[in-house]
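Note that the structure is predicted; figures quoted are calculated from it, not measured. Throughout, protein chains are lettered first and strands after them, A, B, ... in sequence-line order, and every chain is numbered starting at 1. Just so it is clear, the values below take in all heavy atoms, side chains as well, and ignore hydrogens, waters and symmetry mates.
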Number of protein chains: 2
Amino acid sequence: MRETESEGERHPGRRREALSASGIVRAAIEILDAEGEDALTFRSLAKRLSTGAGAIYHHVASKDELLEAAAAELVAAIVATATPDADVRTLMLEAFDLIDAHRWLGSQLARAPWQAAVLLVVEAVGERLAVAGVPEDHQFDVASALVHHILGAAGQHAASARVPLAVGRSGLLKTVADDWTSRARRDQLPFVRAMARQLADHDDRRQFAAGVDLILAGAATLTRPAPPHAPTPRPTGS
Amino acid sequence: MRETESEGERHPGRRREALSASGIVRAAIEILDAEGEDALTFRSLAKRLSTGAGAIYHHVASKDELLEAAAAELVAAIVATATPDADVRTLMLEAFDLIDAHRWLGSQLARAPWQAAVLLVVEAVGERLAVAGVPEDHQFDVASALVHHILGAAGQHAASARVPLAVGRSGLLKTVADDWTSRARRDQLPFVRAMARQLADHDDRRQFAAGVDLILAGAATLTRPAPPHAPTPRPTGS
DNA sequence: ACCTGAACACCGTTCAAGT
DNA sequence: ACCTGAACACCGTTCAAGT
């Protein structure tokens, strides 16, 4: 347990490196991952960093900014590593897996559409649409549909992150399915009831992928030069 | 200004009818619509109902329950009126318009997937898929894709509800677009930058509808008896 | 039974005071 | 300049005390 006096070990408090924005963000991610969204407070963060709550404000402007930075950090990592040759579908599934692994990320992404993390996803998805053969004048629509799909699924996942960790994933699904089933029975919701039964068996990653394939299949129908009928604004006819 | 002694007008405090769950939910919706999500607190709600904050807990268990009930009330209304003969596409657009009119609804719907409001949407969407010609074994996937699309768009809308009311919608869009454009320039995000330019011109209702059409077009490709290639799990090939 | 409103245990954020 | 931690202005929720 001897203290070696290496490099700049002269300052008494030098054991902990000076506070920095990136260090704070890193610590925030650790708390979010380990203990969930509600556990991240400026007080808990300050305690982990062995400092006062006010000190954090010298490096990040607000909790919103902190959460945005945390989300951007994670998304940037997968976008950077996935970029080389992955196609849209692969990228979408990687995004799903990221949100699955860090469940607080779901609600954070849904919180503000123009935050850096969302922009990175939009860009990464959009860049691959030309390669996928989506005509230029439909790329924005397809990109927004894919991103909505991510954000929608993200919200679902974020919600299931709120239950205590003791309840396993399949246990949770079982509970939700039971809840759905009972409510559906009482309220006469046959479709929901049938879907709840399936939900208990299949996993939602598969369902997410199916949704991606639906959107891409829809996009593929656009590559034909001229579809016979434009979508009419009046859907009243049978 | 004479007081007529009608019916049960004997009690001094009878002017305001007794507190009830539905009355509380109605008042909550009024506050949410008029002043936004952050303005709804048990204190502000109690003040509007001329009672104490604690009294509300005799009728609703928590703020979560209150928000779920408020969302369910609005969704139930459009599902009930839209039900007769509207197709999926129309229903989706009505859901979009509802979320557009009550922006707090977006974040509330994303909050918990098994809340009543979401169940009602799933059911209403699901019921119409058979009519739309979606094969039975794909209905859950299509329904979940459509609901993810709603929830994704809902999140976007909810986020734009956080800005002060003074800023008009187009003004906000302009600001967001500017922000997107500047960040995109700095960070080299060409697709986002191009999309931001279009975002300033076109409205997002149209983009939402385009997404719905994409999913439905994708679903239409499933109605063929047997597609030549099943989606392969390995997308690594070019 | 229903209501009241002070009290409790928290938040995010600010700011005088220290180093 | 950076940090500290008490203080401020809130929350949701509880609960003794009233009617």
Nearest-0.5 Å distance that lies between atom CG in A:Leu40 and atom CZ in A:Arg48: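 These two atoms lie 10.0 Å from each other.
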CD1-CG distance between B:Ile99 and B:Leu151, expressed to the nearest 0.5 angstrom: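 With rounding to 0.5 Å, CD1 (B:Ile99) is 7.0 Å from CG (B:Leu151).
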Atom-pair distance ([atom1] on [X]; [atom2] on [N]), nearest Å:
| X | N | atom1 | atom2 | result |
| --- | --- | --- | --- | --- |
| B:Leu40 | D:dC10 | CG | P | 16 Å |
| A:Arg43 | C:dA9 | CZ | C1' | 11 Å |
| B:Lys47 | D:dC10 | NZ | P | 12 Å |
| B:Glu37 | D:dG12 | CD | C1' | 16 Å |
| A:His59 | D:dA1 | NE2 | C1' | 10 Å |
| B:Ile56 | C:dG5 | CD1 | C1' | 12 Å |
| A:Tyr57 | C:dG12 | OH | P | 7 Å |
| B:Leu45 | C:dC3 | CG | P | 13 Å |

Any side-chain heavy-atom pair of B:Leu93 and B:Val212 under 4.5 Å: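 They are not in contact (no side-chain heavy atoms under 4.5 Å apart), so the answer is no.
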Side-chain heavy-atom pair B:Leu146, B:Met92 within 4.5 angstrom cut-off: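 Yes, their side chains come closer than 4.5 Å.
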Nearest-nucleotide 5' precedence on DNA chain C, B:Gly52 against A:Ala53: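 Residue closer to the 5' terminus by nearest nucleotide: B:Gly52.
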5′-ward residue of the pair A:Phe42/A:Ala55 relative to DNA chain C: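 In this pair, the answer is A:Phe42.
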Dot-bracket encoding per residue of DNA chain D, Watson-Crick/G-U cut-off under 3.5 Å, | denoting interstrand: ||.|||||...|||||.||
Exam field: side chain B:Glu37 to backbone B:Trp104, donor-acceptor pair closer than 3.5 Å: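 Not a single qualifying donor-acceptor pair exists.
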B:His59 side chain to B:Ile24 backbone, donor-acceptor under 3.5 Å: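 Side chain of B:His59 to backbone of B:Ile24, a donor-acceptor pair under 3.5 Å: no, none is there.
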B:Phe140: ring pair (Phe, Tyr, Trp, His ring centres under 6.0 Å) partners, not counting sequence neighbours: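 B:Phe140: ring pair (Phe, Tyr, Trp, His ring centres under 6.0 Å) contacts with A:Phe191.
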Nucleotide of D:dT13, D:dC3, C:dT13 approaching A:Leu19 most closely (side-chain heavy atoms):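 From the listed options, D:dC3 comes nearest.
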